[in-house]
Engineer: 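The structure is given below, and queries will be raised subsequently.
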Protein chains: 2
Amino acid sequence: MAEAHSLELLVQALRKLPGVGVKSAQRMAFHLLQHDRQGALQLATALQHACKHVGHCLLCHTFTEEEICPTCRDPRRDRSLLCVLENPADQAALERTGAYKGLYFVLMGKLSPLDGVGPKEIGMHKLLERVDTLVDGVREVREVILATNFTAEGETTSHVISQALKARGVQVTRLARGVPVGSELEYVDLGTIAHALVDRR
Amino acid sequence: MAEAHSLELLVQALRKLPGVGVKSAQRMAFHLLQHDRQGALQLATALQHACKHVGHCLLCHTFTEEEICPTCRDPRRDRSLLCVLENPADQAALERTGAYKGLYFVLMGKLSPLDGVGPKEIGMHKLLERVDTLVDGVREVREVILATNFTAEGETTSHVISQALKARGVQVTRLARGVPVGSELEYVDLGTIAHALVDRR
């Protein structure tokens with residue numbers, strides 16, 4: 001298909017999207033060219049604009065277009081609480097609950113030595129620096145809430161961070177594990193029930 | 001999220017891709033911004049380039065960057081055979097078999113009255129014009145092979161085209177329905193077996 005060069009390049013470029021294989025990429029390319037060229041051009045502009053303007057917040061590491069993200073700048077947030085998460089999507093989920101009024105630190109990943117992601121890649125040193133920041137001679141952050149995902153890698157990440165923070169004498173907590181709201185015990189997996197039993201209150 | 005404006009716009013733009021919902025779009029945006037900004041910019045360029053350069057072949061309607069696509073220009077192809085398909089992906093599949101040496105007509109869709117896709121939208125008049133083209137006083141196209149998909153809409157499309165062509169006295173055939181190569185009868189659906197029985201040879 002040397003002839004359909006632009007089309008071929010478009011299909012290849014669409015495959016860079018996570019979860020998109022050859023067939024999906026072809027379907028996307030055909031759909032855009034046949035039914036939504038305007039959408040395709042909008043997508044192109046949005047990609048260029050985002051790549052140019054979106055950076056990381058100097059404090060919490062999340063995506064933002066400014067030096068410091070609006071959440072970190074917000075004077076109404078409780079600066080003594082710091083919630084550590086894997087990515088901005090998790091942060092958005094926590095924000096939607098409306099139950100958290102502290103600040104965040106977004107790792108932008110999780111420890112995964114096999115993929116070459118170590119403590120440096122998830123910004124461990126920045127997190128420790130942040131926790132060690134003194135205001136009027138005392139630590140501003142009093143409690144770090146670990147909210148990495150409850151997967152093997154998320155748990156490992158949480159464990160490693162927790163060890164480093166405890167060595168510094170910082171209070172570290174982890175999101176509660178337990179039975180999801182609205183679920184019936186009969187259908188909840190055994191590991192979750194066992195954890196809920198141990199962590200009963 | 002008025003603050004993360006470019007990011008929000010990117011997520012919205014990614015949702016224009018078929019089969020991509022909010023969650024997938026977010027995941028794609030985060031992935032591109034975090035791990036593959038070069039890929040994102042390549043995708044932007046590929047989209048713009050394809051929108052600018054890819055058009056439709058004047059003869060067969062498929063995507064091409066030229067007036068007439070290379071397949072239609074190829075002097076080695078049998079011009080008396082015309083295969084009618086729904087889209088370029090189907091055409092690519094048929095080409096990969098290496099079993100067809102005639103020309104194509106790509107409908108770029110299928111009849112779907114509820115979605116406002118009628119005979120005009122699938123280029124019915126162009127197909128009839130094409131079939132009626134005379135070379136030295138006789139029809140160049142001797143046989144039209146209907147290769148629309150074997151779905152309800154594909155079958156309807158095939159039926160409508162077939163009626164119009166038969167009224168003009170053109171030979172019309174349809175891809176054979178039957179048991180897929182490599183499959184065991186036990187696991188083939190009953191409709192397929194029934195068709196294979198009726199169409200036995």
Side-chain angles (χ1 to χ4, degrees), chain A residues 1-20 23-56 62-66 69-71 73 87-89 92 95 108-109, chain B residues 1-20 23-56 62-66 69-71 73 87-89 92 95 108-109:
Chain A
M1 277 244 249
E3 57 279 2
H5 203 53
S6 323
L7 190 60
E8 203 41 40
L9 286 177
L10 176 57
V11 171
Q12 276 170 30
L14 282 164
R15 291 194 57 195
K16 307 248 173 188
L17 296 171
V20 175
K23 294 256 170 186
S24 309
Q26 272 190 354
R27 200 161 52 96
M28 287 172 172
F30 290 153
H31 171 84
L32 289 176
L33 288 174
Q34 184 64 16
H35 301 291
D36 198 4
R37 292 199 178 210
Q38 208 195 339
L41 293 174
Q42 272 172 16
L43 175 54
T45 315
L47 283 164
Q48 285 164 339
H49 200 266
C51 282
K52 193 169 167 196
H53 295 285
V54 176
H56 294 286
T62 198
F63 286 127
T64 178
E65 292 181 55
E66 295 148 89
C69 76
T71 309
R73 282 202 318 261
N87 57 57
E95 277 294 285
M108 289 290 177
Chain B
M1 279 242 246
E3 57 278 6
H5 203 55
S6 324
L7 191 59
E8 204 42 39
L9 286 177
L10 176 56
V11 171
Q12 276 169 28
L14 282 164
R15 290 193 59 193
K16 307 245 173 191
L17 296 171
V20 175
K23 294 256 168 187
S24 309
Q26 272 190 354
R27 200 161 53 95
M28 286 173 173
F30 291 152
H31 170 85
L32 289 176
L33 288 174
Q34 184 64 13
H35 302 292
D36 197 5
R37 291 199 180 212
Q38 206 195 340
L41 293 175
Q42 273 172 18
L43 176 54
T45 315
L47 283 164
Q48 286 163 338
H49 200 267
C51 282
K52 191 168 169 199
H53 294 287
V54 176
H56 294 286
T62 199
F63 287 127
T64 179
E65 293 182 53
E66 295 148 89
C69 75
T71 309
R73 283 203 318 261
N87 57 57
E95 277 293 284
M108 288 291 176

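Residue numbers begin at 1 in each chain, while the letters A, B, ... track the order of the sequences.
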Engineer: Go through the atoms of B:D36 and report whether side chain, backbone, both or neither lie under 4.5 Å from a heavy atom of chain A.
Structural biologist: side chain
Engineer: How many angstroms lie between atom NE2 of A:H53 and atom CG of B:L10, to the nearest 0.5 angstrom?
Structural biologist: 12.5 Å
Engineer: With a 4.5 Å heavy-atom cut-off, do A:L17 and B:L17 have their side chains touching?
Structural biologist: yes
Engineer: Answer with side chain, backbone, both or neither: which region of A:V11 has an atom nearer than 4.5 Å to a non-hydrogen atom of chain B?
Structural biologist: neither
Engineer: Could you give the distance from OG1 (A:T45) to CG (B:L9), rounded to the nearest 0.5 Å?
Structural biologist: 10.0 Å
Engineer: For a quick test of reading the model, state the closest non-hydrogen atom pair linking A:L7 to B:V54 and the distance between them.
Structural biologist: N-CG2, 4.2 Å
Engineer: When only pairs under 4.5 Å are counted, which of B:Q12, B:R37, B:R27, B:K23 shares the most heavy-atom pairs with chain A?
Structural biologist: B:R37
Engineer: Go through A:S24, A:A89, A:C69, A:G55 and name the one with the most non-hydrogen pairs under 4.5 angstrom from chain B.
Structural biologist: A:A89
Engineer: Would you indicate whether the side-chain heavy atoms of B:L47 and A:L47 approach each other to under 4.5 Å?
Structural biologist: yes
Engineer: B:L32 versus chain A, heavy atoms under 4.5 Å apart: side chain, backbone, both or neither?
Structural biologist: side chain
Engineer: What are the two closest heavy atoms between B:C51 and A:A40, and how far apart are they?
Structural biologist: SG-CB, 3.6 Å
Engineer: Sort out for me which of A:L14, A:L33, A:T62 touches chain B most, counting heavy-atom pairs under 4.5 Å.
Structural biologist: A:L33
Engineer: Measure across B:S6 and A:A50 and return the closest heavy-atom pair with its distance rounded to 0.1 Å.
Structural biologist: CB-CA, 3.9 Å
Engineer: Taking every non-hydrogen pair under 4.5 Å, which of B:H56, B:K52, B:H35, B:E95 racks up the most with chain A?
Structural biologist: B:H56
Engineer: Ignoring hydrogens, what is the shortest heavy-atom contact between B:K16 and A:G39? Give both atom names and the distance.
Structural biologist: CD-CA, 3.9 Å
Engineer: Most heavy-atom pairs under 4.5 angstrom with chain B, which of A:A46, A:A29, A:G19, A:G109?
Structural biologist: A:A46
Engineer: Any idea which heavy atoms bring B:P88 and A:F30 closest together, and the distance?
Structural biologist: CB-CZ, 3.6 Å
Engineer: A side-chain contact here means heavy atoms from C-beta on lying under 4.5 Å apart; do A:F63 and B:Q34 qualify?
Structural biologist: yes
